[in-house]
Every structure is written in structure tokens, then in C-alpha cells.
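These numbers come from the heavy atoms of this one structure, side chains and all, not from hydrogens, waters or symmetry mates.
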Amino acid sequence: MAPQDTLPARAGTAAPGEVPGGGDRRQGLAFVLPALLLITVFLVLPALWTLYLGLTDYRLTGTQAAHPKVVGLSNYTNALRDHDFRDALGRTLLFVFGSAIIGQNLLGFALAWTLRSTPVATPHRPPGSTPVATPHRPPGSTRRWVRSVVETLVLLAWILPGVVVAWLWIAFLKDQGGTLDAILHTPGRDWWFDHPMGSLIVFNVWRGTAFSMMLFTAALSSVPPSQLEAARLAGAGGWQTLRDVVIPGIRGHILTNTLLISLWTFNDFTPYLITKGEPHGASAVLPVYIYLTALPGERLGFASAISLIMLLINLLLALAYVRILRRRA
Amino acid sequence: VSPAQVLRRIGFYVFVAAVTAFFALPMLWLVTAPFTRNPTLAVSWPDFTLGNFRHLTDDPDALPSLYNSAVLALWTMLVTVAVAALAAYALSRVRVPGRDGILYLLLLLSSVITGTAAMVPIFQLMVKLHLLDKDIGVILVMTGGLLPAAIFILKDFMDTMPKSYEESARVFGANSFQVLGHVVLPNVRPGLATIAVWAVVNVWGNFLMPFLLYRTPEKQPAAVTLNNFYTEGGQPNLALISTFSLLYSIPVVLMFLFVSRRYGFRFHGGIKA
């Protein structure tokens with residue numbers, strides 16, 4: 001049987017799990033080829049091109065459009081010295097930290113924990129008594145109803161198209177009759193103007209919490225009930241159970257979730273749809289800043305250098321994520 | 001019932017009420033403004049008029065842009081599903097050295113090279129390939145972005161399919177394409193449906209790529225057209241914007257309901273589906 005391990009499987013002698021039939025490898029390659037081609041040209045090539053463009057003074061119009069000059073690393077050194085870029089990067093970190101790492105994580109977990117299917121408290125049962133009266137309260141129909149209403153709303157915020165969501169939040173926080181002003185009796189207050197970054201953070205918590213909620217709901221159902229029961233019998237309160245049993249049990253999920261929502265928030269273009277970076281760039285997170293520099297600003301070379309910095313940050317986050325994924329597989 | 005339990009119950013309902021308000025309040029405008037005569041940004045009791053919908057059908061760009069979105073979404077979905085199914089089948093059944101490494105590398109690439117981070121080179125590439133302002137350009141760019149995750153998910157589905165089905169088809173002399181078409185694909189239908197819906201929702205909601213890659217207003221899909229409704233005074237036309245938003249959101253919500261009823265939500269390597 002040894003040759004089968006080293007030679008490509010042939011007709012009639014295919015190892016289990018292989019496609020039998022002649023020229024497997026070649027046929028396999030033919031099946032993979034269209035995908036590889038599309039991914040290479042439309043995904044990998046643009047990333048590599050960023051490397052080159054970032055070294056040039058490419059502009060959208062003018063002489064540098066026809067004959068871009070290689071300017072070496074000056075785009076990168078300029079970017080790192082540029083105040084607008086550094087401010088945009090700082091705002092982006094604030095945005096990711098406030099809305100994803102803190103906001104979506106905490107609210108998503110709180111929702112998953114409060115709405116989980118097992119009841120919050122189990123009535124105490126004296127040791128030795130027969131478990132005739134089941135210790136678990138049957139999930140009340142009110143509770144189930146509340147749960148599905150909340151979950152639907154949270155998911156709806158997540159699945160609505162970005163452009164629609166942007167208009168909803170303009171209507172919610174703008175002056176001229178914005179909903180929040182009507183509730184707080186602060187007519188004429190434009191939250192997007194007064195607190196652009198704070199508003200963006202609250203907006204993104206609203207927009208993205210659904211994912212964390214679903215991930216943590218799945219994670220919580222994987223915590224063995226026997227461990228929760230043991231904690232309860234040992235007299236642990238709700239907070240202690242969370243800290244000593246639940247959180248350590250789902251640490252991997254928390255890390256996964258944090259990395260993914262950070263990556264998505266970091267790359268989110270919706271802020272452009274709401275504020276276009278206004279007022280005076282105060283809400284220009286990195287994606288918005290790249291767009292404004294590249295197209296209205298026409299500085300493609302400089303924008304490419306910033307794109308590469310962004311790609312590198314993405315790479316760090318994604319590498320960490322794939323490492324966790326592979327370790328678990 | 002102990003006082004602690006009463007407090008906990010109260011706490012539960014306060015939390016639920018606050019969360020419900022937070023998530024529901026911004027959505028109110030979407031259900032009131034389309035049915036209000038001359039809506040403003042304010043949420044008010046609607047007049048229950050359908051006049052805004054009539055204005056929308058009179059607008060030269062509105063309904064055609066929904067059609068453009070549907071064309072883009074369907075083509076991207078078809079190419080993605082077909083190409084991903086071929087690749088996933090081969091990767092699931094033929095042993096290639098370093099196959100898992102390749103799969104993870106692809107997944108890594110698709111999450112690193114996002115439209116926002118790569119918008120400048122993508123724009124440049126389309127200029128060079130003379131694909132700017134063409135449907136095929138937008139379709140190919142979006143397919144390239146969706147493929148790695150689609151292959152990853154589909155391979156998962158194909159891995160769980162027993163190989164004996166294919167082997168018996170082989171015994172009767174079926175070739176690889178016949179096996180794929182008659183045996184494998186019918187068996188991974190939930191996987192194909194997942195990918196299809198996921199691709200359609202992604203393309204339907206994508207703003208950045210069509211915004212960058214189309215120059216002619218008549219070709220724009222709904223995501224871009226939504227921001228082009230202005231009154232004669234140059235102010236955003238809120239009647240059209242709100243009404244169009246509602247129409248444009250309905251397909252996404254329906255598809256979401258379909259998937260969650262039919263298959264439930266599952267996590268495939270944490271891919272946003």
C-alpha cells in the first residue's frame with residue numbers, strides 16, 4: 001500500500017477521501033483555477049499594487065498622472081509626520097476601542113447573558129430532597145417573548161443596509177427635529193456637530209452589537225451546566241460565577257470576538273455616509289481620510305501609503321485571529 | 001420570593017427596556033417618514049399617505065437603481081457560488097500538499113484586503129483594465145472579495161458529506177462534473193443557499209465599490225442612488241430618501257427571515273454571514 005501514499009491516486013486505487021479517476025491532480029487544479037485567478041487579480045494584485053503606488057507621487061490629474069515619479073519612502077515619512085493623518089489614526093483607535101472593544105463586547109455579552117435560555121436564578125433545593133419539583137423554572141412565555149423582541153431589534157440594526165442606517169442616525173441625532181432632541185427636550189442640538197466621535201461610537205455600538213450577542217450566546221451554551229451548578233452549590237453569587245466560571249470558560253470566544261469586531265470597525269466606511277468627515281475633519285476616521293485624500297484630494301500616491309499602513313494593521317489583527325482559529329481546529 | 005429575586009427581576013426589566021429603546025428609537029423614522037406628507041427628520045405620527053411612493057415611481061433614477069442592484073447582486077452571487085463550489089469540491093476531495101495552509105491564507109487575505117483599505121489600487125486597476133463604469137468590473141471585484149470566505153464555508157459543508165455517495169456514482173461511470181452536479185451539489189444545498197444569500201446581501205448593501213467604480217448616474221445601484229435625492233432647493237429630499245430606504249431594505253429583511261427560519265444562524269470561522 002505504500003506507493004499510494006506517495007504517488008497521486010490513480011483510477012481504481014484511490015485512497016478513501018480522494019477523487020478517483022485519472023489525472024486527479026490536474027483536474028483538481030482545473031477546478032481551483034477560476035477561483036485562484038479571480039482572487040489573484042482582484043484581491044491580491046490590488047494589495048501588491050499599493051506597495052508600488054505608495055512609493056510614487058501619483059496624482060489623479062496633471063503631469064504626475066501621466067508620468068508618476070518614484071519618490072521612495074517620502075510618502076511614508078510624510079504620512080507619519082502629517083498631523084491630519086496622525087489625528088485620523090488616533091480617532092480610528094478611539095472609535096475601535098470605544099465602540100467595538102468596549103461597547104459591542106460588553107453590550108453583546110450583557111445581552112447574551114441576560115437573555116440566555118436558562119433562568120437567572122434557580123430556587124434553592126435542600127440537599128437530599130427528591131428532584132420531583134424540577135429545580136429549573138420553566139422558561140416563561142413572557143420571557144421568551146421579550147427575548148425574541150430584543151433579539152430581533154438588535155439583529156435588525158445589524159442587517160439593514162449601511163446607507164439606510166446612516167440616514168436613520170442622521171434623523172436620530174441631527175437638529176431640525178431629530179428624535180433624540182425631541183426626547184431630551186434639547187431642540188436645535190446637533191449631536192453630530194457637537195460630539196462627532198462620541199456619536200459615531202454610540203452609533204457603531206448600535207450597528208454591530210448583534211454579532212457579539214450571537215457569538216456569546218453560542219459560547220455560553222457551551223459552558224457545561226454542571227460547572228454552573230457546582231458554583232451555585234459552592235455558594236457563588238452571580239458576579240462570582242461570571243468571573244470564576246463563565247469568563248474563563250469562554251476566553252477563546254472573547255478573544256475571537258474582539259479581534260473580528262475590531263477588524264470590521266477599523267475598516268468601516270459608514271462614518272463617511274453619515275458625516276463625510278465633518279465638521280472640519282473631526283469625524284474623519286482612517287477609511288474616510290483615505291477616501292478624501294485619494295479622490296477629492298487627488299493625491300493617490302500619498303493615499304496609497306496610508307492604505308498600506310492600514311493593510312498592515314489589518315494583517316496584524318487577522319494573523320492573531322487565524323492563529324486562534326487554527327489552534328482550535 | 002426573596003427581595004433579592006425581586007430586585008433581580010426589576011433589574012432585568014429595566015435593562016431590557018433600556019436596550020429595546022436604544023435599538024428601536026433610531027428605526028422609528030424608517031416606518032413613519034415614508035407614510036408622512038412632506039416628512040422632516042422628526043418622527044411624527046404618519047398621515048398614512050402613499051403619495052411618497054407615487055413620487056418615487058415618478059423619479060427617473062429610483063426604480064431603475066433597484067433593478068441595477070438586483071442585476072449586480074444576482075450576477076455576483078452566480079459567479080461566486082459557481083466558482084467557489086468548483087474550488088471547494090476540489091480542495092475537499094483532492095489531497096494537495098499544504099491545502100489547509102492555502103485555505104487559511106485565502107481567508108486571511110480576504111479579511112485583510114478590505115474595500116476600504118484597497119480602494120485606491122482597486123480604482124487604479126479598474127482604470128488600467130478599462131473596466132471603470134462597467135458592470136463586469138464591479139461584479140469581478142466583489143466576487144474576488146467574497147470568494148475566499150465562500151470557498152472556506154462550502155468546503156466545510158463538503159467535508160461532512162460521505163464519500164460513498166460519490167464512489168457509487170463513479171461505479172456507474174459518472175465523470176467528475178456529473179458527480180459534482182448530480183451528487184455533491186444537491187447534498188450541500190444548505191451550504192449553497194448560505195453562500196448565495198450571504199453574497200446577495202453583501203452586494204445589495206455595498207456602497208463603496210459602486211460609488212468608486214461607476215461614473216454614470218444611470219448605472220448606479222440603489223446604495224449610491226439613495227444619497228442622490230435632492231429637492232429643487234438643493235436640500236436632501238427626505239420624502240424620497242425615507243421611502244426609498246424602506247423599499248430598499250425590505251429584500252434584505254426578507255432574506256434574513258428566510259435564512260434564520262430555514263437554516264438558523266451558524267458560525268463559519270466567524271465569517272459575518
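- No part of Leu33(A) comes within reach of chain B, as not one of its non-hydrogen atoms sits under 4.5 angstrom from that chain.
- Contact tally against chain B (heavy-atom pairs below 4.5 Å) for Val154(A), Thr179(A), Leu263(A): the top residue is Val154(A).
- In this structure the side chain of Thr76(B) never reaches within 4.5 angstrom of the side chain of Val200(B), judged on heavy atoms.
- Both the backbone and the side chain of Leu168(A) come within less than 4.5 Å of a heavy atom in chain B.
- The candidate from Thr270(A), Leu286(A), Leu37(A), Leu153(A) with the greatest count of non-hydrogen atom pairs under 4.5 Å with chain B is Leu153(A).
- For the atom pair CG of Leu240(B) and CG of Leu247(B), the computed distance is 11.0 Å after rounding to the nearest 0.5 Å.
- Two residues are said to be in side-chain contact when any heavy atoms from C-beta on lie closer than 4.5 Å; Val201(B) and Phe256(B) fail this criterion.
- Contact annotation: the side chain of Met142(B) never approaches that of Thr80(B) to less than 4.5 Å [non-hydrogen atoms, C-beta and beyond].
- Under the side-chain hydrogen bond (donor to acceptor under 3.5 Å, both in side chains) criterion, the residue pairs touching residues 298-316 of chain A are Thr61(A)-Glu298(A), Asn267(A)-Asn314(A), with sequence neighbours excluded.
- Only the side chain of Val146(A) comes within less than 4.5 Å of a heavy atom of chain B; its backbone N, CA, C and O stay farther away.
- With a threshold of 4.5 angstrom between heavy atoms, Ala35(A) approaches chain B through its backbone and through its side chain.
- Side-chain contact between Gln220(B) and Ser65(B) is absent, with no heavy-atom pair separated by less than 4.5 Å.
- There is no contact between Ala84(B) and chain A, counting heavy-atom distances below 4.5 Å.
- Contact of Phe207(B) with chain A is made through the side chain alone, with heavy-atom distances under 4.5 Å.
- Neither the backbone nor the side chain of Leu146(B) comes within less than 4.5 Å of any heavy atom of chain A.
- Ring orientation note: the planes of Trp158(A) and Phe211(A) are tilted relative to one another, at an angle of 30° to 60°.
- Taking Gly205(B), Ala42(B), Ser110(B) one by one and counting their heavy-atom pairs under 4.5 Å with chain A, the maximum is reached by Ala42(B).
- Interface residues of residues 119-129 of chain B toward chain A, defined by a heavy-atom distance below 4.5 Å and sorted by number: Met119(B), Val120(B), Pro121(B), Ile122(B), Phe123(B), Gln124(B), Leu125(B), Met126(B), Lys128(B), Leu129(B).
- Using a 4.5 Å cut-off between heavy atoms, Val288(A) makes no contact with chain B at all.
- Proximity to chain B (any heavy atom under 4.5 Å) is shown, for Leu315(A), by both the backbone and the side chain.
- Looking at Thr293(A), neither its backbone nor its side chain comes within 4.5 Å of chain B, counting heavy atoms on both sides.
- One finds the CG atom of Leu91(B) at 7.0 Å from the CD1 atom of Ile102(B) (value rounded to the nearest 0.5 Å).
- Between Glu167(B) and Lys163(B) there is no salt bridge, since none of the side-chain N atoms of the basic residue sits less than 4.0 Å from a carboxylate O of the acidic one.
- For Ala110(A), the parts lying near chain B are the backbone and the side chain together; criterion is any non-hydrogen pair under 4.5 Å.
- Residues forming a ring-ring contact (aromatic ring centres under 6.0 Å, His included) with Phe31(A) (at least two apart in sequence, or on another chain): Phe177(B).
- Ring orientation note: the planes of Tyr248(B) and Phe244(B) are close to parallel, at an angle under 30° on the 30°/60° scale.
- If you take CH2 on Trp29(B) and OG1 on Thr40(B), they are separated by 9.0 Å, rounding to the nearest 0.5 Å.
- Only the backbone of Asp175(A) comes within less than 4.5 Å of a heavy atom of chain B; no side-chain atom from C-beta onward does.
- Under the 6.0 Å cut-off for aromatic ring centres, Tyr291(A) and Phe211(B) qualify, their centroids lying closer than that.
- With rounding to the nearest 0.5 angstrom, the CD1 atom of Ile39(A) is 13.5 Å from the CG atom of Leu45(A).
- Comparing Pro161(A), Ala318(A), Ala166(A), Gly178(A) by how many heavy-atom pairs each has under 4.5 Å with chain B, the most go to Pro161(A).
- In this structure, the portions of Leu156(A) lying under 4.5 Å from any heavy atom of chain B include both its backbone and its side chain.
- Looking at Ile151(B), the atoms closer than 4.5 Å to chain A (heavy atoms on both sides) all sit in the side chain, from C-beta outward.
- When all heavy atoms are compared, the tightest approach of Ala223(B) to Val163(A) is O-CG1, 3.2 Å.
- Chosen from Ser44(B), Ser245(B), Ala33(B), the residue pairing most often with chain A at heavy-atom distances under 4.5 Å is Ser245(B).
- For Val202(A), the parts lying under 4.5 angstrom from a heavy atom of chain B are both the backbone and the side chain.
- In this structure the side chain of Phe23(B) reaches within 4.5 angstrom of the side chain of Thr209(A), judged on heavy atoms.
- Scanning for side chain to side chain donor-acceptor pair (under 3.5 Å) contacts around Asn206(B) gives an empty result, with sequence neighbours left out.
- The part of Thr143(B) that comes within reach of chain A is its side chain, from C-beta onward, which places non-hydrogen atoms under 4.5 angstrom from that chain.
- Using a 4.5 Å cut-off between heavy atoms, Leu238(B) touches chain A through its side chain atoms alone.
- In this structure, the separation between CZ on Phe172(A) and CG on Leu41(B) is 13.0 Å, given to the nearest 0.5 Å.
- Heavy atoms of Trp206(A) lying under 4.5 Å from chain B belong to its backbone as well as its side chain.
- Note: Val164(A) leads Val32(A), Leu38(A), Val164(A) in heavy-atom pairs under 4.5 Å with chain B.
- With chain B as the partner, the residue from Val149(A), Leu107(A), Ile170(A), Leu317(A) showing the most heavy-atom pairs under 4.5 Å is Leu107(A).
- In this structure, the side chains of Ile159(A) and Met255(B) stay at 4.5 Å or more apart for every pair of heavy atoms.
- No side-chain heavy atom of Leu254(B) sits under 4.5 Å from any side-chain heavy atom of Phe258(B).
- Contact tally against chain A (heavy-atom pairs below 4.5 Å) for Pro148(B), Ala118(B), Gly145(B): the top residue is Pro148(B).
- Scanning all heavy atoms of the two residues, the minimum distance from Ala157(A) to Val165(A) falls at O-CG2, 4.2 Å.
- Heavy atoms of Leu273(A) lying under 4.5 Å from chain B belong exclusively to its side chain.
- Taking the side chain as every heavy atom from C-beta outward, His253(A) and Ser212(A) never approach each other to under 4.5 Å.
- Of the atoms belonging to Leu111(A), heavy atoms from both backbone and side chain fall under 4.5 Å from chain B.
- Of the residues considered (Pro287(A), Gly162(A), Ala171(A)), Ala171(A) shows the highest number of contacts with chain B, using heavy-atom pairs under 4.5 Å.
- Among Val43(B), Val141(B), Leu108(B), the residue making the largest number of heavy-atom pairs under 4.5 Å with chain A is Leu108(B).
- Both the backbone and the side chain of Leu140(B) come within contact range of chain A, each with at least one heavy atom under 4.5 Å from a heavy atom of that chain.
- Using a 4.5 Å cut-off between heavy atoms, Leu246(B) makes no contact with chain A at all.
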